[in-house]
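The next block holds one structure in the form of structure tokens; read it before the comments.
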Amino acid sequence: MNVSITNYIDQVFPQFEPALKELLINQARLKTFAEGEFLMETGQYLQFTVLIVAGRVKLYRNGENGTEFFMYELEPGNACALSLSCAIKQQQSEVTAKAIEKTIVLLIPIGLMDNLMPEYKSWYYFVMDTYRLRFEELLEVIDNVTFKALDERLFAYLKHQSEKLGTNHLQITHQEIATDLNSSREVISRILKKMEQKGLVKLNRNAIERL
């Protein structure tokens with residue numbers, strides 16, 4: 001029995017029923033991705049469904065001109081809804097997923113997927129919750145882009161990142177923020193400079209401190 005998988009499943013997915021946990025312990029495997037490494041890329045066929053047990057992952061939609069559109073972020077306890085769908089249907093991925101820090105995932109072979117939904121009620125509810133949460137996050141992205149000014153979105157973004165990481169000192173570049181907010185680095189830098197003048201933030205090299 002793989003003790004590492006057992007510990008991760010018990011800690012991160014305590015809602016799974018014992019029989020499902022036992023199946024995952026015996027059939028799934030752990031994989032570690034370094035910061036900046038891709039978990040999946042656009043056009044890739046997926047052989048596994050991905051569950052996050054440690055670290056953070058960002059998902060992007062790639063445009064024809066090479067641009068990236070930030071969709072949502074995954075944390076421990078989350079699953080990639082698109083990997084669930086693509087793995088089951090054996091379709092190509094339409095998104096790119098990148099680790100933004102050292103990340104450990106649980107890989108579930110697609111051969112198990114047909115039986116998990118009908119046989120394990122906790123998996124059924126987990127999948128339904130995953131689709132619901134990802135849909136709500138995409139609606140929030142659409143609402144932000146459509147109805148909120150960029151300075152509002154930037155302030156909310158920094159607040160969200162600060163709360164999530166538990167620190168006001170954010171190691172992040174202006175380009176990373178621009179990508180996540182679907183803007184340009186020049187525009188983000190200009191707004192951050194205005195925020196600094198108002199005493200809301202302090203700008204450092206590749207870092208931003210919320211005041």
Side-chain angles (χ1 to χ4, degrees), residues 33-44 50 52 54-83 92-105 130-211:
F33 292 86
E35 178 181 348
E37 191 173 356
F38 292 103
L39 281 72
M40 68 180 75
E41 298 186 65
T42 301
Q44 176 182 354
V50 179
I52 312 299
R56 291 189 299 149
V57 175
K58 287 184 177 180
L59 271 75
Y60 299 91
R61 172 79 166 165
N62 298 103
E64 293 182 359
N65 59 352
T67 58
E68 292 180 327
F69 185 92
F70 172 67
M71 297 175 61
Y72 52 79
E73 189 173 307
L74 298 175
E75 300 177 319
N78 293 160
C80 176
L82 292 171
S83 80
Q92 291 175 300
S93 173
E94 296 183 351
V95 299
T96 295
K98 181 170 64 175
I100 55 175
E101 61 186 53
K102 179 183 176 182
T103 298
I104 303 173
V105 304
T130 294
Y131 284 130
R132 177 183 59 82
L133 289 171
R134 299 293 85 82
F135 180 70
E136 290 175 353
E137 288 176 332
L138 288 177
L139 285 181
E140 183 178 356
V141 170
I142 294 171
D143 287 344
N144 286 338
V145 172
T146 305
F147 302 115
K148 290 186 178 180
L150 186 55
D151 56 348
E152 292 181 88
R153 292 165 53 203
L154 177 54
F155 184 83
Y157 173 88
L158 295 176
K159 182 175 183 292
H160 178 70
Q161 292 295 316
S162 178
E163 291 174 346
K164 182 176 293 186
L165 298 174
T167 177
N168 286 326
H169 190 79
L170 304 175
Q171 295 288 338
I172 191 168
T173 67
H174 295 191
Q175 182 58 59
E176 289 175 293
I177 297 173
T179 300
D180 286 354
L181 295 183
N182 306 300
S183 182
S184 68
R185 182 186 60 78
E186 293 77 11
V187 171
I188 293 299
S189 295
R190 186 162 61 247
I191 297 176
L192 284 172
K193 192 64 179 177
K194 291 180 179 178
M195 291 175 66
E196 185 177 44
Q197 292 170 353
K198 293 178 181 179
L200 299 174
V201 299
K202 181 180 180 182
L203 304 180
N204 302 300
R205 182 175 178 81
N206 295 333
I208 299 171
E209 184 179 357
R210 292 182 66 238
L211 302 177

Answer whether the closest heavy-atom distance between the side chains of [X] and [Y] falls below 4.5 Å.
{"X": "L59", "Y": "C80", "result": "yes"}
{"X": "R134", "Y": "Y72", "result": "yes"}
{"X": "L39", "Y": "K98", "result": "no"}
{"X": "R185", "Y": "I177", "result": "no"}
{"X": "R56", "Y": "E73", "result": "yes"}

In residues 197-206, what donor-acceptor pairs under 3.5 Å come from side-chain atoms, sequence neighbours left out?
none

**Prompt:** For E140, what residues pass the side-chain hydrogen bond (donor to acceptor under 3.5 Å, both in side chains) criterion, not counting sequence neighbours?
**Reply:** none
**Asked** Is the NZ or CZ atom of K58 positioned over F70's six-membered ring, under 6.0 angstrom from the centre and within 45° of the axis?
**Response** yes
**Asked** Is the shortest distance from a Lys or Arg side-chain nitrogen in K159 or E163 to a carboxylate oxygen in the other one below 4.0 Å?
**Response** yes
**Message:** Just by distance, no angles: are the side chains of H174 and E176 close enough, under 3.5 Å, to form a donor-acceptor pair?
**Reply:** no
**Message:** I'd like to know whether CZ of F135 has more than 12 heavy-atom contacts from other residues, nucleotides or ligands below 6.0 angstrom.
**Reply:** no
**Asked** Closest heavy-atom contact between L150 and S183?
**Response** CD2-OG, 3.4 Å
**Asked** When Y60 is tested against each of D180, N182, T42 for side-chain hydrogen bond (donor to acceptor under 3.5 Å, both in side chains), which residue passes?
**Response** D180
